[in-house]
Amino acid sequence: MQVDEKKLNPQDFESKWQKIWEERRIYQPDLSNAKKPYYNLMMFPYPSAEGLHVGNMYAFTGVDIHGRFKRMQGYDVFEPIGLDGFGIHSENYAIKIGKHPKEQAKISEKNFYRQLKAIGNGFAWENRLETYDPDYYRWTQWIFVRMFKAGLAYRKKSPVNFCPSCKTVLSDEQVIDGACERCKSVVEKRDMEQWYFRITKYADKLLKNIKKLEWTNKVKIGQRNWIGKKTGINIRYQVSGVRYQIECFTTRPDTNFGATFVVVGPENPFVSYLLSLPKLPESLKQLISAYVAKAKKTSEADRITAGHKKTGVFTGFYAVNQLNGYKMPIYISDFVLGNVGTGAVVGVPGHDLRDFEFAKEFDIPIIRVVVGKDGDKSPITRPEQVQEEEGTMINSEFLNGLDIHLATVKMMDHLAEKGWGKRVVEYKLRDWCISRQRYWGAPIPMIFCSTCAEKGVGWFPVPEDQLPVQLPDLDDWKPEGTGKGPLAKIESFVKTKCPQCGGKAVRETDVCDTFLDSSWYFLRYPSVKTNTIQDRKANPILDRKQLPWDPQITRKWLPVTQYIGGAEHTVLHLLYSRFIWMCFYDWGLFDFSAKSKHLGGPATMPRALGWEEPFRRFYAHGLIIAEGAKMSKSRGNVVIPDEYIRKYGADTLRTYLMFLGPFDMGGDFKDTGIAGMYRFLSRVWRLVIDSLSPRSPKSLKENDKLEKIMHHTIKVVTEDLEKLRYNTAIAHIMEYVNQITDNREPSFAPTCVGATAGKQITINNIRTLLLLLAPFAPHMTEELWQKLSSKYQVESSKDEKLNNKHATYYLLHTTESIHLHPWPKYDPKYLVEDEVTIVVQINGKTREVIKIALKHLGGSRMDSPEVEESVVTIAKNSEKVKKHLEGKTVRKVIFVPGKLINFVVI
RNA sequence: GCCGCGGUGGCGAAAUGGUAUACGCGCAGGACUUAAAAUCCUGUGGUAAUUAAAUACCGUGAGAGUUCGAGUCUCUCCCGCGGCACCA
């Protein structure tokens, strides 16, 4: 019996506490009345095939530790959880295993929630949501309707990825190196009409706000690059012999004296203009048609495998460079993309590698107009001579001698003044394609009426009070590649009434992109119980003005205090979420006016940001990989936490994962060492169990040295947790435990606690240990805390009681949960050292370390000349130092107060 | 190609420009035990040398620089990982 009690058996209490916590709702903040709201958000998972793997657990644990830490610091922490289970990922998995997505969703949901409970996070379970729940996607559809009404949703024909083998449209991220992610066949481009959200309208605001965000830098850089703002100029060139002008976008107009050709892409309107010209020879017409047709059909993959070899057709026409009258031959080539700039470029082969390759291929003259750092002024004949960097202008008349940046400005001024060009700002960001010809998503809530279309407008949104457009059950749900989604097959779904004229109309049968589902979920979490379908049944009148969130609760909890997620999805998801939020904001759906003072988290954002951003702080955690690769079932390297939890307990796995390395770095998962973490937690377990039966209760007296270490540990662990430096926080707790259990120390008094001979350990030492460890190992610290509390009726300090008033949680039994207990504070008086350690260096090499009791220094300031003098004297008295100084001359003494003395000798 | 992040013992990793390798794993030796497991103790960068200790030199991917002093700052490379990519 004695033996069993001393062994750490997680099975004995982990699920017990999970159950009690949930019953007592200790992680369920009072959303309406919380005093210090802290919205601790983690990216919700899509319930993947394999279930929750240790990569997910790593991320969630890191977020949870942050939440637990903040909760103990007195915040009302809201840590919700849900599933991003709608969309193409989940549908693909359903296809793979031959199950209906709806059926599979239920299975995944159950499995995921079971696993998520087992890892012991402090989730607010009552606020969970699933994106495929009609109560949720009703509002996803509502967003679409509002976007349409605001003129931000529109239809456009454009090329999309199409897999001929799977007979389906693919999203960009499902196309890997031009091939289908699932069947590896080459992806084609197909022209299809799609729904788009006009995110480009917000490009500038999305870009401008980035610098004000407190985000992991690489994510900010990623977003900036994705938006890809560039300033340039559109130059119009007259085509000789016809009434047509070609407009070319360029960021480098400074090199325009070196322009020797013009290339239009296959999509450029000039191509169809040419083909319509009666005087164009039939043979050339055929040549052009064939080239353009082939280019449009050529897949990305083929283009990549074809390398950068340039192809093209000479049109027989010339464009005139107004600057010097140069007649530039006009070509059609597929290296010019239709959706970049104006879809036409002016070729400057001396200063652009692609232009150079093209010029070489077609034997076009090359003119040098810039001389770079190497001073090479010779004609450019080899690719390595192509000068794309900084330099000075030559052969460019009024630009000669200027630096390229000055020349760019001067040329733009010149072109604008002459009316030959117009300054423009271009973005790489394109409008967001929303529609998917799939089944498992929120049906796009739009209706098309052909009768009304004849009068001008054919598309109408489904009236808001008729949402959701329910996703019908469908046996034949797999994508067929007909260009239409599976919903098109259901007549009862398609046929509907026109909201405008009441006549016969048809529904849109595409569904929404899954990124739309996830672009607003954080707004719904605190308000999951607000305006449900059930509510509407009870009170249909109010519906029109209803929002997917409760205004008061939203004012209290949003913007999100701290968002944590993986860096891999961050560009798209974070950009879309910011965009949607900005729309809501601009439509006046938020009211944060009463919220000027309290910003939620500990870090205060610059006021300038206002409430235009949903995530003031974002932290990108690292990725856990296995065997050097991202975990995936096809690789067979998925590590499921279940078996480890069964064997060692969730506490051990949590702490082990956090100890692997810095949280923002991730790492390779290997299970060597997990036993070591179990060993450590077992030591803590035994230490606390032993202290339950002290040899002498009078022994609970302070041990000065241990007290000092304890306060130091509180300080560093708190600082580490504040910065999410979990690995070093754990290391410091380990050091603290090592100090407590260190048996080598001589015994100063005969009294001691339990097995820890030689030291007087106070109950406060033990309690502090448990509190510091609680965010990492929530179950065992709770178990021990309760055991300890029932043994020792330790009075709460005044401070603690004060803090408890803020807690809006329920209490456990007779003792509060350790997780609601205030985080320990350190007392600076224990951190004052009574001696100082000085490193003595000779020529920068450490030769001696001396310790000087502060009382020997007469109480002077560490940087005073007297102290320096005594340190020098003491140092010079050291035998080792003497040896190194012997026969040498001291040229200089570097004195770093309180730290170091360095003798520079020769 | 461009952007970003890394490179430190056998391994995961620590280190406000100031004692490099904390903490842990692994390994080796020891204690306890009839034995094993568990636990505890000791050692553990390299080279040289020694009965032992003290010690000296070398050492953070390579090379240069700044500095009294560089894992840390600057420059030039090499390697690994992630993202973007014919973006004009």
Side-chain angles (χ1 to χ4, degrees), chain A residues 3 6-7 216-222 224-226 228 230 232 248-253 255 263 265 300 303-304 306-310 333-337 339-348 351-355 357-358 388 426-428 430 567-568 570-571 620 622-623 625 628-630 656 659-662 664-677 679-680 682-683 686 725 727-735 737-738 741 743-744 755 837-849 879-880 883 891-896 899-905:
Chain A
V3 178
K6 288 201 177 185
K7 189 176 184 305
T216 301
N217 211 29
K218 66 174 167 185
V219 178
K220 289 168 77 163
I221 292 166
R224 210 171 278 136
N225 292 343
W226 190 264
K230 52 207 166 190
C248 298
F249 174 74
T250 178
T251 54
R252 290 289 307 277
T255 60
V263 186
E300 303 265 333
R303 282 207 199 171
I304 290 164
H308 286 197
K309 183 154 168 72
K310 299 288 180 286
S333 174
D334 63 359
F335 88 87
V336 174
L337 307 173
N339 46 14
V340 177
T342 56
V345 296
V346 52
V348 184
H351 305 283
D352 182 296
L353 200 55
R354 292 157 307 173
D355 293 353
E357 286 165 355
F358 192 83
E388 297 179 311
E426 278 271 330
Y427 294 95
K428 200 182 122 189
R430 309 203 198 130
E568 73 279 12
T570 52
V571 167
L623 216 61
I625 54 175
K630 208 171 152 179
Y656 174 65
F659 190 59
L660 277 179
D664 57 352
M665 296 287 289
D668 209 337
F669 182 84
K670 292 185 192 116
D671 58 11
T672 61
I674 188 163
M677 188 52 75
R679 207 142 55 211
F680 167 68
S682 295
R683 282 177 77 199
R686 281 195 305 276
R725 302 276 294 170
N727 55 331
T728 49
I730 295 165
H732 287 127
I733 297 172
M734 284 171 165
E735 279 178 280
V737 172
N738 287 347
T741 56
N743 287 333
R744 292 163 305 167
T837 306
I838 304 279
V839 171
V840 185
Q841 297 185 336
I842 316 288
N843 286 343
K845 276 201 170 122
T846 301
R847 296 301 179 182
E848 176 69 297
V849 178
E879 287 304 319
K880 287 184 209 164
K883 211 171 85 188
R891 296 281 300 250
K892 200 174 170 185
V893 177
I894 309 281
F895 177 64
V896 183
K899 266 193 182 160
L900 169 140
I901 187 113
N902 185 12
F903 296 101
V904 184
V905 302

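All of these numbers come straight from a predicted model, not from anything done at the bench.
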For a quick check of understanding: with a heavy-atom distance under 4.0 Å over all strands, which category does [X] fall into, base, sugar-phosphate or nothing?
X	result
R891(A)	nothing
I894(A)	base
G676(A)	sugar-phosphate
T837(A)	base
V904(A)	sugar-phosphate

Using OP1 and OP2 only, check whether a side-chain N or O of [X] sits under 4.0 Å from [N].
X	N	value
R679(A)	G26(B)	yes
K845(A)	C58(B)	yes
K218(A)	C3(B)	no
R847(A)	A56(B)	yes
R354(A)	G1(B)	no
R430(A)	C87(B)	no

When the distance from [atom1] of [X] to [atom2] of [N] is rounded to whole Å, what number comes out?
X	N	atom1	atom2	value
L900(A)	U19(B)	CG	C1'	9 Å
I730(A)	A14(B)	CD1	P	12 Å
D671(A)	G26(B)	CG	P	11 Å
I733(A)	A14(B)	CD1	P	16 Å
W226(A)	C87(B)	CH2	C1'	12 Å
K220(A)	G4(B)	NZ	C1'	15 Å
E735(A)	A15(B)	CD	P	12 Å
N843(A)	C57(B)	CG	C1'	16 Å

Every protein N/O lying under 3.5 Å from an N/O of nucleotides 8-13 of chain B:
from, atom 1, to, atom 2, distance (Å)
G12(B), O2', L660(A), O, 2.6

Of all the choices, [options], which nucleotide is nearest to the side chain of [X] once you look at every atom?
X	options	answer
L337(A)	A20(B), U55(B), A88(B)	A88(B)
N738(A)	A88(B), C23(B), C87(B)	C23(B)
K428(A)	U55(B), C84(B), U19(B)	C84(B)
R725(A)	A14(B), C3(B), G18(B)	A14(B)
V839(A)	U19(B), C40(B), A14(B)	U19(B)
I221(A)	A88(B), C3(B), G18(B)	C3(B)
V340(A)	U55(B), A88(B), G4(B)	A88(B)
M734(A)	U19(B), C68(B), G24(B)	G24(B)

Q) For G9(B), does the O4'-C1'-N9-C4 (purine) or O4'-C1'-N1-C2 (pyrimidine) torsion place it in syn, i.e. within 90° of 0, or in anti? A) syn
Q | Stem segments of RNA chain B by first residue number [Watson-Crick or G-U, under 3.5 Å, at least 3] | A | B:1-7 with B:78-84, B:10-12 with B:23-25, B:26-31 with B:39-44, B:45-48 with B:55-58, B:61-65 with B:73-77
Q.
On the six-membered ring of F358(A), is K310(A) placed so that its NZ or CZ lies under 6.0 angstrom from the centre and within 45° of the ring axis?
A. no
Q: Check the pair V263(A), F335(A) against side-chain contact (heavy atoms from CB on, under 4.5 Å), reporting the backbone distance first and the verdict last.
A: CA-CA 9 Å; V263(A) 186; F335(A) 88 87; 4.2 Å; yes
Q | RNA chain B: 5'-proximal contact among I674(A) and K230(A) (nearest heavy atom) | A | I674(A)
Q. Does Q841(A) or T728(A) map to a spot on RNA chain B nearer the 5' end, using the closest nucleotide for each?
A. T728(A)
Every protein N/O lying under 3.5 Å from an N/O of nucleotides 81-83 of chain B:
none

Q: Could you tell me the separation between the CD1 atom of I838(A) and the CG atom of L900(A), rounded to the nearest 0.5 Å?
A: 8.0 Å
Q: Look up atom CG in N902(A) and atom NZ in K845(A), then write down how far apart they are to the nearest 0.5 Å.
A: 12.0 Å
Q. What distance, rounded to whole Å, do you find between the two C1' atoms, one in A62(B) and one in U8(B)?
A. 15 Å
Q: Please state the P separation for the pair A13(B) and A54(B) - nearest whole angstrom.
A: 32 Å
Q: Determine, step by step, whether E426(A) and K230(A) satisfy the salt bridge (charged side-chain N to carboxylate O under 4.0 Å, His left out) criterion, reporting the C-alpha distance in whole Å, the side-chain angles of both residues, the deciding distance to 0.1 Å, and the verdict.
A: CA-CA 5 Å; E426(A) 278 271 330; K230(A) 52 207 166 190; 5.5 Å; no
(Q) Any heavy-atom pair between the side chains of N843(A) and V905(A) that's under 4.5 Å? (A) yes
Q) Do F903(A) and K892(A) have side chains that get closer than 4.5 Å, going by heavy atoms? A) no
